[in-house]
Amino acid sequence: PAASAVAAETMHRALEEAIAESQRATITGRELTPFLLSRMSETSDGATLSANIALLDNNARVAAEVALAWRRA
């Protein structure tokens with residue numbers, strides 16, 4: 001949702017910092033995504049976490065709407 005969007009500059013900065021930190025710490029594989037998400041949230045003062053939660057909520061709402069429309073068809 002647009003109201004929960006994170007500015008592109010903030011997102012890019014948070015991601016670049018998180019990737020650099022993961023490389024310094026040699027974090028790879030299945031540990032990488034949770035690490036990146038956590039660090040991005042910390043770097044953006046929670047903005048990326050809020051945006052991800054809003055996206056999940058929106059996806060669930062849209063999925064429910066699709067399921068209801070499919071059932072009615």
Side-chain angles (χ1 to χ4, degrees):
S4 301
V6 178
E9 182 179 311
T10 300
M11 183 70 80
H12 289 294
R13 179 182 48 78
L15 180 57
E16 287 174 5
E17 289 179 20
I19 289 172
E21 188 174 339
S22 72
Q23 290 171 339
R24 285 191 300 273
T26 61
I27 297 171
T28 61
R30 62 190 297 178
E31 291 83 23
L32 183 58
T33 298
F35 177 83
L36 293 176
L37 290 173
S38 175
R39 291 302 297 137
M40 289 177 71
S41 178
E42 292 172 17
T43 302
S44 68
D45 295 324
T48 59
L49 177 61
S50 295
N52 279 326
I53 291 170
L55 180 62
L56 288 171
D57 287 345
N58 189 65
N59 286 349
R61 182 186 54 76
V62 170
E65 290 174 4
V66 168
L68 287 173
W70 183 71
R71 184 166 189 228
R72 290 183 190 128

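No hydrogens, no waters, no symmetry mates; every other heavy atom, side chains included, goes into these values.
- Annotation for S4 and A51: closest pair O-CB, 3.2 Å, computed over non-hydrogen atoms.
- With hydrogens and angles ignored, the 3.5 Å screen pairs a side-chain donor or acceptor of T48 with a backbone N or O of S41.
- Under the 3.5 Å distance criterion, the side-chain polar atoms of S50 are matched with a main-chain donor or acceptor of G46.
- For the pair S22 (side chain) and I19 (backbone), a donor-acceptor distance under 3.5 Å is present.
- A continuous path of hydrophobic side-chain contacts links I27 to L15 [ILVMFWY only; heavy atoms under 4.5 Å].
- A continuous path of ILVMFWY side-chain contacts below 4.5 Å connects V6 to L36, so both sit in one hydrophobic cluster.
- Between the CE atom of M11 and the OG1 atom of T43 there is a distance of 11.5 Å, given to the nearest 0.5 Å.
- Cluster membership for M40 and L32, using ILVMFWY side-chain heavy atoms within less than 4.5 angstrom, is shared.
- Within 6.0 Å of atom CD in E65, more than 12 heavy atoms from other residues, nucleotides or ligands are found, so the atom counts as buried in its surroundings.
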